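Heads up, the thing below is written out as C-alpha cells.
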Amino acid sequence: MNATIISVGDELVLGQTVDTNSAWLSGQMAGIGVEVSAHVTVGDDQRAIERAIGRAAEASDAVVVTGGLGPTADDLTRQAVAALMGAELRPDGVWMAEIERFFAARGRPMPESNRIQAMIPAGARMIFNHAGTAAGIDATLGREGRSSRVFVMPGVPREMRVMFERDVLPHLRGDGRGVIVSRTLHTFGVGESSIGEMLGALMERGRNPSVGTTVSGGVVSLRLNARFGDCGEAERELDATEAACRAAVGDCCYGREGQTLGEV
C-alpha cells in the first residue's frame, strides 16, 4: 500500500511554520508497512487543494491530509473534498452537539463561524476529534477504475496525532504489508561521491534493504531502509546490510543514529 501526505496552509508554503506533521506521519506509516510516495504542501486555496488531493488520489491508495479544517474563511479543505466528491456539505448533528458542549463547558458562547467545523461532505464519514473542535473527514475518491481512501485531519499537531492514532491508523494498518524499519550510519573524512564508490552495489536501486546518502556539515550519512513482512526479518536484514556498509567504508564510519562526531 502506498500513500501521499498533503499539508495545507499558507503559513507552510511561506516558510512561516515548519511542517512537522508530515515527518511524524511518515514515521507512523513506515511502522506498519505503508510506503509514503510523496509529501505535498499547498496553500489555502480551494482549487489548489482540489488539484493536490485529486492528483494524489489518482496515484496513491491512501491520501492523508492535514490542515484547512478551522472555522475561518481561509480554511477550505472540507470544501475541496466536497467538490472532488461532487457532494454538498451537510451538518453532522453529532459533531455539532459536541462543539456546543465544548464551548458550554468553558463558559463561552460558541461563535457562529465554528458551525462550519461540523460540515461533512455527503457520503463521507465524520472522524471524531478528541482534542479540539474540528471534525475529521474519511472519504473515498474514485478515479479511472480505482479508488483512494482520503483522510482529512486538523493541522494542529496535538489534535492530528490523537485522531490519527485512534481513527486513521487502524484503517491503514489493515491494508499495510509488513513493516519499514530504518537505520542511519554516519561517516566523515571523504566526500559523498567517494562514499558512493565504496558502497558500490549496496546503493543499487531496487535493493532491499535500500541504502542512500545525505550530507550535512561535512558528515555523509547512510540511510538504510528495510521493507519486510515482519520486524524480526527487517532487523536481521538491516544487521547484514549495516555490516556490509561498515566493511565497505571502513574507518570512515564513526557512528550511527543520534551519535555526533564530537561525542564519539
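The first residue in the sequence is number 1, and the count goes up from there. The structure presented is a predicted model; accordingly, all values stated were derived computationally and were not measured.
Residues L76 and D45 form no side-chain contact, since every pair of their non-hydrogen atoms from C-beta on lies 4.5 Å or further apart. Side-chain contact between M85 and V150 is absent, with no heavy-atom pair separated by less than 4.5 Å. In this structure the side chain of T66 never reaches within 4.5 angstrom of the side chain of P154, judged on heavy atoms. Put simply, the side chain of F128 does not reach to within 4.5 Å of the side chain of M163, judged on heavy atoms. M29 places a side-chain heavy atom less than 4.5 Å from the side chain of L172. Within the 4.5 Å cutoff, side-chain heavy atoms of R256 are placed close to those of R246. Using a 4.5 Å heavy-atom cutoff, the side chains of V13 and V42 are not in contact.
Annotation: the span from W95 atom CH2 to R101 atom CZ amounts to 9.5 Å, rounded to 0.5 Å. One finds the CZ atom of F164 at 10.5 Å from the CD1 atom of I127 (value rounded to the nearest 0.5 Å). For the atom pair CD1 (I53) and OG (S60), the distance works out to 12.0 Å, reported to the nearest 0.5 Å. Going from atom CZ of R125 over to atom CD1 of I137 covers 11.5 Å, rounded to the nearest 0.5 Å. A distance of 14.0 Å separates CD in E237 from CG in N225, rounded to the nearest 0.5 Å. Atom CD of E35 sits about 10.5 Å away from atom CG of D61, to the nearest 0.5 Å.
Judged purely by atom type and a 3.5 angstrom limit, N2 uses its side chain to pair as donor or acceptor with the backbone of A59. Between the E197 side chain and the S194 main chain, no donor and acceptor come within less than 3.5 Å of each other. In terms of modelled atom types and a separation under 3.5 Å, the side chain of E257 and the main chain of T184 share a donor-acceptor contact. Of the possible donor and acceptor atoms, none in the side chain of S7 sits under 3.5 Å from a partner among the backbone N and O of T41. At least one donor-acceptor pair closer than 3.5 Å links the side chain of S37 to the backbone N or O of A3. Of the possible polar contacts, one joining the D44 side chain to the D10 backbone as a donor-acceptor pair under 3.5 Å is found. In this structure, N208 contributes its side chain and R227 its backbone to a donor-acceptor pair below 3.5 Å. Looking at S26, its side chain does come within 3.5 Å of a backbone N or O of S22 through a donor-acceptor pair.
The hydrophobic cluster around V156 extends to none of the other residues, as no ILVMFWY side-chain heavy atom falls under 4.5 Å of it.
Hydrophobic clustering places I32 together with V64 (ILVMFWY residues linked when any side-chain heavy atoms are closer than 4.5 Å, directly or through intermediates). Hydrophobic clustering (side-chain heavy atoms under 4.5 Å, transitive across Ile, Leu, Val, Met, Phe, Trp, Tyr) keeps I49 apart from I116. Side-chain heavy atoms closer than 4.5 Å link hydrophobic residues (I, L, V, M, F, W, Y) into clusters, and following such links, even through other members, never connects Y254 to L185. Cluster annotation: V162 is not connected to W24 through the hydrophobic network of ILVMFWY side chains, with a link wherever side-chain heavy atoms come within less than 4.5 Å. V220 and V190 end up in the same hydrophobic cluster when Ile, Leu, Val, Met, Phe, Trp and Tyr side chains are linked at under 4.5 Å.
Heavy atoms only, all atoms of each residue included: C253 and T187 are closest at CA-CG2, 4.0 Å. Between A131 and R158 the shortest heavy-atom distance is O-NH2, 3.3 Å. The two residues A122 and A87 come nearest to each other via the heavy atoms O-CB, 3.3 Å. G136 and L69 make their closest contact through CA-CD1, 4.3 Å (heavy atoms, listed as atom of the first residue, atom of the second, distance). Residues L199 and V211 approach most closely at CD1-CG1, 4.1 Å, considering heavy atoms. The two residues L12 and T17 have their closest heavy-atom pair at CD2-O, 3.5 Å.
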Quiz item: Between V152 and R78, is a side-chain contact (heavy atoms from CB on, under 4.5 Å) present by the stated rule, with each step listed?
Solution: CA-CA 8 Å; V152 184; R78 63 176 61 82; over 6 Å; no
Quiz item: Under the side-chain contact (heavy atoms from CB on, under 4.5 Å) criterion, do M203 and T213 qualify, and how do the steps go?
Solution: CA-CA 9 Å; M203 289 192 70; T213 57; 3.9 Å; yes
Practice problem: Might you work through the side-chain contact (heavy atoms from CB on, under 4.5 Å) test for M126 and V94, ending with a clear yes or no? | Solution: CA-CA 9 Å; M126 183 269 286; V94 172; 4.2 Å; yes
Practice problem: I would like to know whether I99 and Q117 meet side-chain contact (heavy atoms from CB on, under 4.5 Å); could you show each step before the answer? | Solution: CA-CA 8 Å; I99 299 177; Q117 294 184 296; 4.0 Å; yes
Exercise. Any chance you could lay out the salt bridge (charged side-chain N to carboxylate O under 4.0 Å, His left out) test for E235 and R183, step after step, and finish with the verdict?
Key: CA-CA 9 Å; E235 290 287 355; R183 193 172 296 174; 2.7 Å; yes
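The residues R207 and E204 are annotated as not salt-bridged, no charged nitrogen and carboxylate oxygen being separated by less than 4.0 angstrom. A salt bridge does not link E159 with R161: none of the charged nitrogens is closer than 4.0 Å to a carboxylate oxygen. A salt bridge does not link R55 to E58: none of the charged nitrogens lies less than 4.0 Å from a carboxylate oxygen. A salt bridge is defined here as a Lys NZ or Arg NE, NH1 or NH2 lying under 4.0 Å from an Asp or Glu carboxylate O, and R149 with D138 meets this definition. Under the 4.0 Å criterion applied to side-chain N and carboxylate O atoms, R236 and E233 are not assigned as salt-bridge partners.
R223 and S182 share no donor-acceptor pair across their side chains, judged by distance under 3.5 Å alone.
The aromatic ring centres of F188 and H186 sit 6.0 Å or more apart.
Geometrically, R106 engages F102 in a cation-pi contact, judged by NZ or CZ lying under 6.0 Å from the ring centre and within 45° of the ring axis.
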